[in-house]
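Single-structure report; data block below.
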Amino acid sequence: MYVMAPMTFSTKLLELASRYEIPIHFFHYYGFYVGSFHPNQNASGQSEIVIEQALTYRNEKRRLILAKEFLVGVQTNLLRNLARLERKSEFALSPTNKQSLDLLRSKVRATADLGSLLGLEGKFRSIYYQSMDEYLKMKHPAYQIVKRTRRPPQNRMNTLISFLNSLLYVTIIEQLQFTPLHPGIPFLHSTRDHRQSLALDISEVFKPVIVDRIILRLLSYRMLNESCFEMKGKGCFLTDTGKQIVIKAYTQTLNTSIFHRQKQRSLTYRQLIQHECSKLVEHFRGRQPYRSFRMWWSSCS
């Protein structure tokens, strides 16, 4: 449940939410995530997993292995999006950007420290946004990123990215609550980045898969217009109408199923995120090394 406006709650409502395992997420009027109420999940085996998580975080070599694995997943999924745009439109990735992306990707495995790895991630995403803008300039010039801005986002595209990133972040927090993982122990990000930084690690993998594709679909079907945005001060924000459209598209995407090749059955996007959390649990139990999610398709949204 997403709460986007001032509301008064009774303890009875929280009791019902807990009984039926319904998390409630609270957002600032402008769409910034504030916090959540989570039913008690009572995940078993929490202590052993948390200890392994903390030991991995403290061990630079072990942490770097996981951080690289997250980044390989991020890069693969970003490239899938660009390949899809090339195939479905007259957009073509510039030779310079293609060469830069290939070079940055080839450096990940050889990188020896986390700081350099984060630098690679920043450069890779910057070129990705630059390439996306070249596509948007042709197809949807009113929605160019120009420059990534946050708190407040300063144009429509930055507003959409920030709002959907927040929705994805709370979805991952929800799924982490069903595992014994500690959400405050990350590997790609720092513990200083956010109280629940592990959700940030996982969200990086799924942003291209869910957030970017929802935005492109909203633009492609012309589901957004001027009434969906408002300028206040130096910031651009979604109106109530805009929030309703975006949340509806986001919820529909989470409930959409795809056939998972390894599991040989259909999973919703929400279950894909749940499965990603489970893979980390298996990693810390020593059963299966973690391999981040990579899109194996690029034609469907």
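All figures in this text were calculated on a predicted structure; none of them were measured in a lab. The basis for the numbers below is simple: all heavy atoms, side chains too, and nothing from hydrogens, waters or symmetry mates. Residue numbers start at 1 and run along the sequence shown.
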Rounded distance [0.5 Å steps], CD in Gln130 versus OG1 in Thr96: 9.0 Å

Counting neighbours of CZ on Arg261 that are heavy atoms of other residues, nucleotides or ligands and sit closer than 6.0 Å, is the number greater than 12? yes

Is it the case that the side chain of Ser278 and the backbone of Gln274 share a donor-acceptor pair, with hydrogens and angles ignored and the cut-off at 3.5 Å? yes

The test is side-chain contact (heavy atoms from CB on, under 4.5 Å); show your working for Ile51 and Phe284 and say whether it passes. CA-CA 9 Å; Ile51 290 170; Phe284 293 119; over 6 Å; no

On a heavy-atom basis, which atom in Ser227 and which in Thr241 lie closest, and how many Å separate them? O-CB, 4.3 Å

So Lys98 and Asp102, salt bridge (charged side-chain N to carboxylate O under 4.0 Å, His left out) or not? Walk me through it. CA-CA 6 Å; Lys98 185 177 188 311; Asp102 289 342; 3.2 Å; yes

So, do Ile202 and Leu280 sit near enough that their side-chain heavy atoms are less than 4.5 Å apart? yes

For Ser162 and Arg148, which I'm curious about, is there any donor-acceptor pair between the side chains at under 3.5 Å? yes

Are Ile65 and Leu117 grouped together when hydrophobic residues (ILVMFWY) are joined by side-chain heavy atoms under 4.5 angstrom apart? no

Taking Arg294 for its side chain and Ser292 for its backbone only, find out whether a donor-acceptor pair lies under 3.5 Å. yes

Check for a donor-acceptor pair, side chain of His182 on one end and backbone N or O of Gly184 on the other, with a separation under 3.5 Å. yes

Does Tyr128 offer a backbone N or O that forms a donor-acceptor pair with the side chain of Asn97 under 3.5 Å? no

Across all chains, not counting sequence neighbours, the ring pair (Phe, Tyr, Trp, His ring centres under 6.0 Å) partners of Tyr135 are none

So does Leu200 get a backbone contact from the side chain of Ser203, meaning a donor-acceptor N/O pair under 3.5 Å? yes

Under the salt bridge (Lys or Arg N to Asp or Glu O under 4.0 Å) test, residues paired with Arg151 that sit two or more places apart: none

Have Thr253 and Arg217 got a donor and an acceptor in their side chains that come within less than 3.5 Å? yes

Go through the steps to decide whether Cys228 and Ile245 satisfy the test side-chain contact (heavy atoms from CB on, under 4.5 Å), and finish with yes or no. CA-CA 8 Å; Cys228 298; Ile245 292 171; 3.8 Å; yes

With the side chain counted from C-beta on, respond yes when Thr239 and Lys243 share a heavy-atom pair under 4.5 Å apart, and no when they do not. no

Any idea which heavy atoms bring Gln53 and Ile185 closest together, and the distance? NE2-O, 3.1 Å

Charged N to carboxylate O under 4.0 angstrom, Glu48 versus Arg285? no

Find the distance between CG (Asp212) and CG (Leu160) and round it off to the nearest 0.5 Å. 11.0 Å

Using atom types as modelled and distance alone, determine if a side-chain donor or acceptor of Ser89 lies under 3.5 Å from a backbone N or O of Glu86. no

Contact check, side chains of Ile172 and Leu198, non-hydrogen atoms, under 4.5 Å: no

CD (Glu121) and CG (Leu188) are apart, to the nearest 0.5 Å, by 5.0 Å

Is there a donor-acceptor pair under 3.5 Å between the side chain of Gln271 and the backbone N or O of Thr268? yes

Quick check: closest heavy atoms across Ser190 and Ser197, and the distance to 0.1 Å? O-OG, 3.1 Å

Looking at every heavy atom in both Pro208 and Arg213, which two are closest together, and how far apart are they? O-CG, 3.4 Å

Shortest non-hydrogen separation from Ile214 to Ala249 and the atoms involved: CG2-CB, 4.0 Å

What residues, two or more places apart in sequence or in another chain, satisfy ring pair (Phe, Tyr, Trp, His ring centres under 6.0 Å) together with Phe37? none

Quick one: CG on Asp133 to CD on Gln144, what's the gap to the nearest 0.5 Å? 5.0 Å

Geometric cation-pi criterion, Arg156 with Tyr143: 6.0 Å, 45°: yes

Going by atom types only, do Asn158 and Arg150 share a side-chain donor-acceptor pair under 3.5 Å? no

Between His275 and Gln175, is the side-chain contact (heavy atoms from CB on, under 4.5 Å) condition met? List the steps. CA-CA 9 Å; His275 181 55; Gln175 298 308 315; over 6 Å; no

So, using side-chain hydrogen bond (donor to acceptor under 3.5 Å, both in side chains) as the criterion, who are the partners of Lys68 when residues are at least two apart? none

Would one find more than 12 heavy atoms of other residues, nucleotides or ligands at under 6.0 Å from atom OH of Tyr221? no

Is any side-chain heavy atom of Glu90 closer than 4.5 Å to one of Met138? yes

Within a reach of under 6.0 Å around CD of Glu60, are more than 12 heavy atoms found that belong to other residues, nucleotides or ligands? no

If we only count heavy atoms from C-beta on, is the Thr251 to Leu167 side-chain gap below 4.5 Å? no

Using atom types as modelled and distance alone, determine if a side-chain donor or acceptor of Asn77 lies under 3.5 Å from a backbone N or O of Phe293. yes

Side chains of Leu216 and Asn81 in contact at under 4.5 Å (non-hydrogen atoms): no

Centroid-to-centroid, Tyr2 to Phe163, below 6.0 Å? no

Considering only heavy atoms from C-beta outward, does the side chain of Phe124 approach that of Ser100 to under 4.5 Å? no

Verify the neighbour count for atom CD of Gln264: are there more than 12 heavy atoms of other residues, nucleotides or ligands below 6.0 Å? yes

Indicate whether any N or O donor in one side chain lies under 3.5 Å from an N or O acceptor in the other, for Tyr250 and Thr171. yes

Apply the test side-chain contact (heavy atoms from CB on, under 4.5 Å) to residues Met231 and Phe237: give CA-CA distance (whole Å), side-chain angles for both, the deciding distance (0.1 Å), then the verdict. CA-CA 6 Å; Met231 294 298 299; Phe237 304 97; over 6 Å; no

Under a 4.5 Å cut-off applied to non-hydrogen side-chain atoms, are Val3 and His25 in contact? no

Are any side-chain N or O atoms of Thr256 and backbone N or O atoms of Gln252, one a donor and one an acceptor, separated by less than 3.5 Å? yes

Can you measure from CD1 (Ile127) to CG (Leu101) and round to the nearest 0.5 angstrom? 5.0 Å

What are the two closest non-hydrogen atoms of Lys234 and Gln154, and how far apart are they? O-CG, 3.4 Å

Spacing of CZ belonging to Arg105 relative to CD belonging to Gln75, to within rounding of 0.5 Å: 6.5 Å

If hydrophobic clusters are built from ILVMFWY residues whose side chains come within less than 4.5 Å, do Leu78 and Val72 share one? yes

Quick check against the 3.5 Å criterion: does Thr111 have a side-chain atom that pairs as donor or acceptor with the backbone of Asp113? no

Sequence-distant partners of Lys279, salt bridge (Lys or Arg N to Asp or Glu O under 4.0 Å), two or more places apart: Glu276

Can you get from Val205 to Trp296 by hopping between Ile, Leu, Val, Met, Phe, Trp and Tyr side chains that sit under 4.5 Å apart? yes

Mind checking side-chain hydrogen bond (donor to acceptor under 3.5 Å, both in side chains) for Arg62 and listing every partner two or more places apart, or none if nothing turns up? Glu52, Thr56

